[in-house]
Amino acid sequence: MSFHRRLGAGTGPLGGSGLVAQWGGSSLIQSLQTGQLDMNGVTTKTATITAVDTSRSICVFNGSKNTSGEGTANDASGFAFRVALTNSTTVTADIVLNVSAAGRLVNFTVVEFLPGVLRSVQRGSITMTGVLTNTATITGVNPAKSLVTYNGYTHTYTSDPPMYLNRVGVILTLTNATTVTTDHGATNGTKITNFEVVEFF
């Protein structure tokens, strides 16, 4: 019996509507773009990327740092950033404090997958004011094949005591098929957390 390996395009879990990479291909990624934004003197800044299909792309928050030396230790909001893939060619970063100082850096990666890898991508944000937790409702996904990604957060701790510096950060959880939950360590100020819910085939 002879065996012939097909090198043409295969079909994914959804048949013709779920085409995947060529059988013999070594990757499920169509494109990958990285970037860095310096939030010098602005609270919002954008980066232009090569166009991607947003329905099969994710934006990865690669961390941030602040070397500008602004203010005092009370200015914890100068160390919190969030990013989002706002359209097919734009990544947007946000910070609370508008300080004219270089070195407020945030890194990101946009990954575009080939068709048939991602069933859905849902982007959103959760705002918390005076509460420790809040939720966002999403279109139903299969929790066994989905994950929620953290795309950073901003907060308004511009005048809080230094003790609150150890209360920054949030936790994101895909609580169930239709709910994303965020938790924080303090109720003061307003926190906005960006997320993406990625569902795989």
Side-chain angles (χ1 to χ4, degrees), residues 33-49 54 57-111 121-138 147-175 179-198:
Q33 303 177 63
T34 61
Q36 182 178 85
L37 287 166
D38 189 342
M39 310 294 287
N40 182 0
V42 296
T43 55
T44 298
K45 195 169 186 178
T46 61
T48 300
I49 60 172
T54 57
S57 300
I58 63 173
C59 182
V60 180
F61 175 65
N62 291 135
S64 60
K65 70 175 183 178
N66 189 337
T67 61
S68 65
E70 64 188 37
T72 67
N74 296 349
D75 291 328
S77 60
F79 297 84
F81 303 76
R82 54 190 169 92
V83 297
L85 180 62
T86 44
N87 58 53
S88 63
T89 60
T90 308
V91 174
T92 302
D94 292 280
I95 191 173
V96 173
L97 290 179
N98 183 356
V99 176
S100 295
R104 298 144 53 86
L105 306 174
V106 57
N107 284 17
F108 66 86
T109 301
V110 175
V111 184
V121 181
Q122 300 181 64
R123 302 175 177 87
S125 63
I126 300 175
T127 299
M128 292 184 289
T129 302
V131 295
L132 290 175
T133 185
N134 202 1
T135 61
T137 300
I138 60 172
L147 61 88
V148 58
T149 65
Y150 170 71
N151 280 5
Y153 88 113
T154 56
H155 57 73
T156 56
Y157 289 176
T158 55
S159 59
D160 289 327
M163 69 183 72
Y164 285 124
L165 284 172
N166 65 358
R167 298 186 184 182
V168 298
V170 295
I171 293 175
L172 276 171
T173 306
L174 182 60
T175 317
T179 308
V180 176
T181 301
T182 186
D183 294 281
H184 193 271
T187 59
N188 54 324
T190 296
K191 282 79 66 175
I192 302 175
T193 305
N194 284 5
F195 68 87
E196 289 180 329
V197 175
V198 183

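The figures that follow rest on heavy atoms only: side chains count, while hydrogens, waters and symmetry mates do not. Along the sequence shown, residues are numbered consecutively beginning with 1.
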Verdict with supporting geometry, N40 and S100, side chain to side chain contact (heavy atoms under 4.5 Å, CB included): CA-CA 5 Å; N40 182 0; S100 295; 4.3 Å; yes
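Heavy atoms of other residues, nucleotides or ligands lying less than 6.0 angstrom from CG of L147 number more than 12.
The shortest heavy-atom contact between R123 and T54 is NH2-O, 2.9 Å. Between I126 and A136, the shortest heavy-atom distance links the atoms CG1-CB, 3.7 Å. Nearest heavy atoms, V148 versus L174: CG1-N, 3.6 Å. Contact between Y150 and F61 at its shortest, heavy atoms only, is O-CB, 3.5 Å. Taking both residues in full, the closest heavy atoms of G185 and L132 are given as C-CD2, 3.8 Å, listed atom of the first, atom of the second, then distance.
With a 4.5 Å cut-off on side-chain heavy atoms, V83 and V106 count as touching. Looking at I49 and L85, their side chains come closer than 4.5 Å, going by heavy atoms from C-beta outward. For the pair M128/V170, a side-chain contact is recorded, criterion being any heavy-atom separation below 4.5 Å from C-beta on. Here the side chains of T135 and T175 are not in contact, with every heavy-atom distance at 4.5 Å or above. When side chains are defined from C-beta on, T109 does not count as touching C59, because their heavy atoms never get closer than 4.5 Å. Between V197 and V180, the closest side-chain pair of non-hydrogen atoms falls below 4.5 Å. Two residues are said to be in side-chain contact when any heavy atoms from C-beta on lie closer than 4.5 Å; I138 and F195 meet this criterion.
Distance CG/N66 to CE/M39: 11.0 Å, rounded to 0.5 Å. F108 contributes atom CZ, which lies 16.0 Å from atom CZ of R82 (distance to the nearest 0.5 angstrom). Note that CD1 of I95 is 9.0 Å distant from OG1 of T154, once rounded to the nearest 0.5 Å. Distance check, rounded to the nearest 0.5 Å: CG of N194 to OH of Y153 gives 12.5 Å.
Panel note: side chain N151, backbone E196; no donor-acceptor pair is recorded below 3.5 Å. In terms of modelled atom types and a separation under 3.5 Å, the side chain of D38 and the main chain of R104 share a donor-acceptor contact.
Side-chain atoms of T190 and T129 form a donor-acceptor pair, as typed in the model, at a separation below 3.5 Å. In this model, no donor atom of one side chain and acceptor atom of the other lie less than 3.5 Å apart for T182 and N134. Judged by distance alone, the side chains of T89 and N87 do bring a donor and an acceptor atom under 3.5 Å apart.
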